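For reference, the structure is listed below as structure tokens.
Along the sequence shown, residues are numbered consecutively beginning with 1. All values derive from a computational prediction rather than experimental measurement.
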Amino acid sequence: MESIILDLQRDTLDRTLCVADLLRKALLVSHKLGITGFETWINKELNGYEKIIEVPEYRIVRGKIKAWKPFKGWQPVIFPDDEAQEAFSKRRFYHSIAEIEAMINREKKDFLHMPYPANIEKQLRDAIGFDTEVTLIIPVSSLVRIVDTVRTTILNWSLKLEEDGIIGEGISFSLSEKERARFISYEVNNFHPPISHN
């Protein structure tokens with residue numbers, strides 16, 4: 001009978017499969033093995049992050065702050081200091097992985113408009129000195145990087161399970177595999193590559 005772990009590894013290498021489906025398969029595995037930390041991460045990736053503070057570093061996107069000027073279109077917003085420019089040009093992307101994949105597939109351009117929350121947009125309008133729309137324009141490749149990091153995290157986790165002798169039979173695991181999984185730490189941070197923002 002096929003091993004769900006080996007099947008999951010094979011699926012992570014298939015770029016035609018959406019990452020949301022890979023996460024659901026990983027959810028099945030983590031739940032059956034009682035790997036609660038990984039299961040929590042999977043559910044946040046599937047459902048989106050409710051608290052901005054919980055959004056992991058690999059979901060930070062950078063872009064260019066632009067304001068709409070009649071007859072001129074979108075114009076860059078220049079800040080007097082680099083610190084403010086840096087703070088407003090970064091956003092934590094809290095959306096579910098399915099939403100992110102849909103955005104990537106829907107976009108016909110290389111860039112995506114990411115509106116600011118009303119209170120931050122007001123701050124930016126006040127700083128600019130006139131009432132206009134302000135947005136963060138991010139490269140679609142930033143979203144591809146998020147999806148790719150999740151895919152790689154699932155692959156690395158499944159490889160570690162196999163290395164630890166946990167491969168399952170069909171969609172079941174033996175008692176000894178479940179016991180082994182209980183005594184091994186599967187921290188999410190160990191499985192995704194570090195993200196550089198330089």
Side-chain angles (χ1 to χ4, degrees), residues 18-20 22-24 26-27 36-154 156 187-198:
C18 68
V19 173
L22 297 178
L23 281 164
R24 277 185 278 278
L27 177 62
T36 53
F38 213 80
E39 188 175 340
T40 299
W41 171 78
I42 291 167
N43 278 312
K44 286 178 182 174
E45 287 295 329
L46 283 170
N47 302 315
Y49 289 79
E50 289 181 15
K51 297 178 182 169
I52 285 291
I53 198 158
E54 293 177 341
V55 176
E57 186 183 336
Y58 64 84
R59 278 174 162 263
I60 296 173
V61 296
R62 288 175 181 271
K64 296 186 186 307
I65 308 146
K66 296 203 175 180
W68 180 258
K69 285 193 175 179
F71 311 112
K72 289 188 175 182
W74 291 105
Q75 299 296 308
V77 175
I78 308 299
F79 288 83
D81 64 278
D82 291 342
E83 197 174 303
Q85 184 91 30
E86 174 73 10
F88 285 108
S89 68
K90 285 193 313 191
R91 297 281 294 283
R92 291 184 178 270
F93 219 79
Y94 59 85
H95 305 73
S96 74
I97 208 75
E99 288 175 297
I100 295 172
E101 288 182 306
M103 287 177 203
I104 293 166
N105 295 331
R106 182 177 62 229
E107 283 307 309
K108 303 296 179 223
K109 301 175 197 146
D110 293 334
F111 294 92
L112 174 78
H113 285 253
M114 196 173 173
Y116 287 97
N119 60 327
I120 294 177
E121 187 176 29
K122 184 184 181 319
Q123 277 182 291
L124 288 167
R125 279 198 313 263
D126 292 347
I128 294 166
F130 66 94
D131 193 16
T132 188
E133 188 181 351
V134 184
T135 190
L136 183 66
I137 298 179
I138 61 164
V140 171
S141 61
S142 295
L143 304 188
V144 173
R145 178 183 50 78
I146 293 170
V147 171
D148 220 44
T149 299
V150 173
R151 183 183 293 273
T152 303
T153 301
I154 296 167
N156 286 332
E187 290 298 319
V188 175
N189 292 338
N190 296 337
F191 299 110
H192 64 72
I195 303 299
S196 171
H197 292 293
N198 298 333

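From L23, atom CG reaches atom CD1 of I154 across 4.0 Å, with rounding to the nearest 0.5 Å. One distance of note links CG of L143 with CD1 of I97; it measures 9.5 Å at 0.5 Å rounding. S142 OG to M114 CE: the interatomic distance, rounded to the nearest 0.5 Å, is 9.5 Å. In this structure, the separation between OH on Y49 and NE2 on H95 is 13.5 Å, given to the nearest 0.5 Å. Annotation: the span from T40 atom OG1 to L27 atom CG amounts to 10.0 Å, rounded to 0.5 Å. To the nearest 0.5 angstrom, S141 atom OG is 7.5 Å from F111 atom CZ.
No donor-acceptor pair closer than 3.5 Å links the side chain of R62 to the backbone N or O of S89. Side-chain N or O atoms of R92 include none that pairs as donor or acceptor with a backbone N or O of K51 at under 3.5 Å. E101 contributes no side-chain N or O that, together with a main-chain N or O of V147, makes up a donor-acceptor pair within less than 3.5 Å.
A 4.5 Å side-chain heavy-atom check between R24 and L46 finds at least one atom pair inside the cut-off. Between L112 and I138, some side-chain heavy-atom pair lies under the 4.5 Å cut-off. The side-chain heavy atoms of V55 and K44, taken from C-beta on, include no pair separated by under 4.5 Å. Contact of the L136 side chain with the K64 side chain is not registered, since no non-hydrogen atoms from C-beta on lie closer than 4.5 Å. Counting only heavy atoms from C-beta outward, the side chains of I146 and V61 approach each other to under 4.5 Å. Contact of the T153 side chain with the E45 side chain is not registered, since no non-hydrogen atoms from C-beta on lie closer than 4.5 Å.
Partners of D148 according to the side-chain contact (heavy atoms from CB on, under 4.5 Å) rule, which considers only residues two or more places apart in sequence or in another chain, are R15, R151.
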Give every donor-acceptor pair under 3.5 Å between a side-chain atom in residues 116-130 and any protein atom, sequence neighbours left out.
{"residue": "Y116", "atom": "OH", "partner": "F88", "partner atom": "O", "Å": "2.7"}
{"residue": "E121", "atom": "OE2", "partner": "V134", "partner atom": "N", "Å": "3.0"}
{"residue": "K122", "atom": "NZ", "partner": "D126", "partner atom": "OD2", "Å": "2.9"}
{"residue": "R125", "atom": "NE", "partner": "D131", "partner atom": "OD1", "Å": "3.0"}

Could you list the donor-acceptor pairs under 3.5 angstrom formed between side-chain atoms of residues 66-81 and any protein atom two or more places apart in sequence or on another chain?
{"residue": "Q75", "atom": "NE2", "partner": "K72", "partner atom": "O", "Å": "2.9"}
{"residue": "D81", "atom": "OD2", "partner": "E83", "partner atom": "N", "Å": "3.3"}
{"residue": "D81", "atom": "OD2", "partner": "A84", "partner atom": "N", "Å": "2.9"}

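A pairwise comparison of heavy atoms in K109 and V140 identifies O-CG2, 3.7 Å as the closest pair. S96 and E99 make their closest contact through N-OE1, 2.9 Å (heavy atoms, listed as atom of the first residue, atom of the second, distance).
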Where do V150 and W41 land on the side chain to side chain contact (heavy atoms under 4.5 Å, CB included) test, with the steps shown first?
CA-CA 10 Å; V150 173; W41 171 78; 3.8 Å; yes
Begin from the C-alpha positions of I100 and R59 and carry the test side chain to side chain contact (heavy atoms under 4.5 Å, CB included) through to its verdict.
CA-CA 11 Å; I100 295 172; R59 278 174 162 263; 3.6 Å; yes
